[in-house]
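Worksheet: the structure to be examined is printed underneath.
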Amino acid sequence: MPELPEVETTRRGIAPHVQGRRVRAVHVRQGQLRWPVPDALARDLPGQSIESVARRAKYLLLTTLRGTVIIHLGMSGSLRIVPADAPPGPHDHLDIVFDDGRALRLRDPRRFGAVLWTRDAPAAHPRLSALGPEPLDHHAFTGAYLHGRARGRRQSVKSFLMDARTVVGVGNIYANEALFAAGIRPTTPAGRISLARYGRLTAAVRQVLREAIAAGGTTLRDFVASDGQPGYFRQRLQVYDRAGEPCLTCGTVLRSARIGQRSSFFCARCQR
DNA sequence: CAAGACTCCTGTCAGC
DNA sequence: TGCTGACAGGAGTCTT
């Protein structure tokens, strides 16, 4: 169930096997994902070469000269490179088969993911057009940006940070971790946080995401990279899923709370 | 308008 | 052992 680091890990894993390859066929075994897989995918993609494998927010973009495949992994999706004749498992919904006899295979038990196809510029696609800045873009994602956007908002800073219109890619794990790293209580109204603290928050978000990417992401249950390997950031989590355990900074017992229907974890001493 | 609840789906786990 | 309910890394859509 990927956030930005897991999607980026997936992107880096599949890119060398996919880039420059020509698509031979598209096999859709279960087309009822978040949205129906469009018929145009299997019609237009075969014969095309993959020019690049990019990421915008948590979307993967496989670009060709004729259009772009847009893939979202939802909560439970993963992509693997497999021999095209490998028998699919029960949740292996879609294969993109390449000219080297291998395939990019999407597995997604919960089917919250999506595979879309657009012939226009992907940035203009309705799913991508209203997204906020990339968190690793330090020109766009600044303390001043967050502070200005939060003005007058009573929403909790955690929900504000997880809203893709504010900034993309920060899901539940990394929102919890970044707020801990910045020393900010997740329940604080977004509009009541100073410019200086937002500066610290943007730095914390970038730091946490960079470290998680370097560790290959976080595996809680079923996330695997395209080579089947889990991510190793779990052992570095400071607060996520650690309610009742001691804070690794000060020893205070960590607390949990429900914020916007999402589990939240914090240290009442380190985060104020 | 902003903010919160609800929804999609399957798997897993705690508690009885 | 088996059943039930809560919950899970997302995010679009609906309601208040």
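Quick note on labels: first sequence line is chain A, next is B, and so on, each numbered from 1.
With DNA chain B read from its 5' end, the first of the two nearest nucleotides for His91(A) and Arg34(A) is the one closest to Arg34(A).
Across dC6(B) and dA6(C), the matching C1' atoms stand 16 Å from one another, rounded to whole Å. For dC9(B) and dC14(C), the P atoms lie 16 Å apart once the distance is rounded to whole Å.
Close to dG9(C), at under 4.0 Å from its OP1 or OP2, lies a side-chain N or O of Tyr240(A). The phosphate of dA8(C) (OP1 or OP2) has a side-chain N or O of Arg258(A) nearer than 4.0 angstrom. Within the 4.0 Å cut-off from OP1 or OP2 of dC13(B), not a single side-chain nitrogen or oxygen of Arg221(A) is found. Within the structure, every side-chain polar atom (N or O) of Arg165(A) is placed at least 4.0 Å from both OP1 and OP2 of dA11(C). Applying the 4.0 Å criterion to OP1 and OP2 of dT10(B), one finds that Arg111(A) has a side-chain N or O inside that range.
Distance, His125(A) NE2 to dA11(C) P: 15 Å, rounded to whole Å. Atom CD in Glu6(A) sits about 16 Å away from atom P in dA8(C), given to the nearest Å. Asn172(A) has its CG atom 8 Å from the P atom of dA8(C), to the nearest Å. For the pair Ile259(A) CD1 and dA8(C) P, the computed distance is 13 Å after rounding to whole Å. Rounded to whole Å, the distance from CZ on Arg262(A) to P on dG4(B) is 14 Å. The interatomic distance linking His72(A) (NE2) with dC8(B) (C1') rounds to 14 Å, in whole Å. Going from atom CZ of Arg127(A) over to atom P of dG10(C) covers 17 Å, rounded to whole Å. Atom-to-atom, CZ of Arg154(A) to C1' of dA3(B) comes out at 9 Å; the value is rounded to the nearest Å.
When the nucleotides dA2(B), dG9(C), dC8(B) are ranked by their closest atom to the side chain of Phe112(A), dC8(B) comes out on top. Side-chain proximity of Gln155(A) to the nucleotides dA2(B), dC9(B), dG4(B) is greatest for dG4(B).
A salt bridge between Arg22(A) and Asp100(A) is absent, with no side-chain N of the basic residue lying under 4.0 Å from a carboxylate O of the acidic one. Between Asp99(A) and Arg24(A) there is no salt bridge, since no side-chain N of the basic residue sits under 4.0 Å from a carboxylate O of the acidic one. A salt bridge links Glu134(A) with Arg55(A): the distance from a Lys NZ or Arg NE/NH1/NH2 to an Asp or Glu carboxylate oxygen falls below 4.0 Å. Under the 4.0 Å criterion applied to side-chain N and carboxylate O atoms, Glu3(A) and Lys58(A) are not assigned as salt-bridge partners.
Not one N or O on the side chain of Arg102(A) forms a donor-acceptor pair closer than 3.5 Å with the backbone of Phe98(A). Panel note: side chain Ser159(A), backbone Ser156(A); no donor-acceptor pair is recorded below 3.5 Å.
Gly260(A) comes within contact range of no nucleotide atom at all, as no heavy-atom separation falls under 4.0 Å. Nucleic acid contact for Phe233(A): none, since no nucleic acid atom lies under 4.0 Å from a heavy atom of the residue.
Remark: dT15(C) base-pairs with dA3(B). Criterion, Watson-Crick or G-U wobble with two distances under 3.5 Å. Pair assignment for dA14(B) gives dT4(C), based on Watson-Crick or G-U wobble hydrogen-bonding distances that are each under 3.5 Å.
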